[in-house]
Every structure is written in C-alpha cells, then in structure tokens.
Amino acid sequence: MLARAEKGDAAAQYNLGFAYKYGEGVPQDYSQAVAWYRKAADQGHAAAQYNLGFMYNNGQGVPQDYSQAVAWF
C-alpha cells in the first residue's frame with residue numbers, strides 16, 4: 001500500500017491515513033494520518049476530505065482549527 005500511496009494513488013493514501021489514525025498495522029500517529037489524508041483529499045477523495053476535516057475539528061495531528069474543518073467538510 002505504501003508504494004501505491006507514494007505513487008499518488010488516492011485510495012492508498014486514504015487507507016494509510018486511516019491506518020495511522022487508528023494504529024492499524026502501524027503505530028498510531030495523527031500527524032502521519034493528516035499528511036496522508038491531505039494527499040488524498042487534495043485529489044478530491046471525499047472520505048479523506050471528511051476525515052481531514054474531522055482531524056482539524058478535534059485538533060488531532062494539527063492545531064484545532066474550526067474554519068479548516070468546515071472547509072474540508
């Protein structure tokens with residue numbers, strides 16, 4: 001999955017973001033989750049956009065920022 005994500009596959013990037021957010025198969029790391037979600041979200045991946053908004057809303061891996069949360073939602 002990492003190889004696909006690094007090549008720009010939005011679904012793989014989203015899956016890595018999810019894995020890092022919940023610590024599934026990798027150590028939990030909100031900053032990494034945000035980084036991978038952002039790559040997928042920038043490509044229009046709707047679930048990644050929503051989850052990135054959630055991360056901003058809750059201040060997970062990024063400073064809490066409601067305006068960014070709304071923008072991504």
Side-chain angles (χ1 to χ4, degrees):
M1 183 169 32
L2 178 60
R4 288 187 10 236
E6 288 175 339
K7 289 181 181 177
D9 182 316
Q13 292 167 341
Y14 168 77
N15 288 334
L16 273 176
F18 188 90
Y20 276 109
K21 181 177 180 187
Y22 294 102
E24 294 187 5
V26 294
Q28 186 177 43
D29 184 332
Y30 291 145
S31 295
Q32 282 293 313
V34 167
W36 287 111
Y37 280 152
R38 183 177 303 282
K39 289 177 186 287
D42 285 343
Q43 294 185 70
H45 193 285
Q49 292 170 341
Y50 175 82
N51 284 332
L52 187 55
F54 186 86
M55 302 294 280
Y56 273 104
N57 188 65
N58 294 315
Q60 295 175 314
V62 291
Q64 190 172 45
D65 186 331
Y66 295 126
S67 62
Q68 279 293 312
V70 169
W72 285 111
F73 285 140

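- A donor-acceptor pair is defined here as one N or O able to donate and one able to accept, closer than 3.5 Å; no such pair exists between the side chain of Q28 and the backbone of Y20.
- Cluster partners of V70, using a side-chain heavy-atom cutoff of under 4.5 Å among ILVMFWY residues and allowing indirect links: none.
- Here the closest heavy-atom approach between residue A48 and residue A41 is recorded as CB-N, 3.7 Å.
- Of all the heavy atoms in A12 and A5, the pair that sits closest is CB-N, 3.6 Å.
- Relative ring orientation between F73 and Y50 is described as tilted, the plane-to-plane angle lying within the 30° to 60° band.
- Using modelled atom types, one side-chain atom of Q43 and one backbone atom of G8 make a donor-acceptor pair closer than 3.5 Å.
- Scanning for ring-ring contact (aromatic ring centres under 6.0 Å, His included) contacts around Y66 gives an empty result, with sequence neighbours left out.
- Between A40 and A10, the shortest heavy-atom contact is CB-O, 3.4 Å.
- Screening residues 38-49 for salt bridge (charged side-chain N to carboxylate O under 4.0 Å, His left out), with sequence neighbours left out, gives no hits.
- For the pair N57 (side chain) and G53 (backbone), a donor-acceptor distance under 3.5 Å is absent.
- Within the 4.5 Å cutoff, no side-chain heavy atoms of Y37 are placed close to those of H45.
- Using a distance-only test at 3.5 Å, with no hydrogens or angles considered, no donor-acceptor pair links the side chain of Q49 to the main chain of W72.
- For the residue pair M1 and L16, the shortest heavy atom distance occurs at SD-N, 4.0 Å.
- Annotation for W36 and G17: closest pair CB-N, 3.6 Å, computed over non-hydrogen atoms.
- Shown here are the side-chain hydrogen bond (donor to acceptor under 3.5 Å, both in side chains) partners of Y22, two or more places apart in sequence or in another chain: there are none.
- Cluster annotation: V34 and F18 are assigned to the same hydrophobic cluster (Ile/Leu/Val/Met/Phe/Trp/Tyr, side-chain heavy-atom contacts under 4.5 Å, transitive).
- Applying the side chain to side chain contact (heavy atoms under 4.5 Å, CB included) test to A19 and every residue at least two apart in sequence or in another chain returns V26.
- Not counting sequence neighbours, the partners of D9 by the side-chain hydrogen bond (donor to acceptor under 3.5 Å, both in side chains) test are R4.
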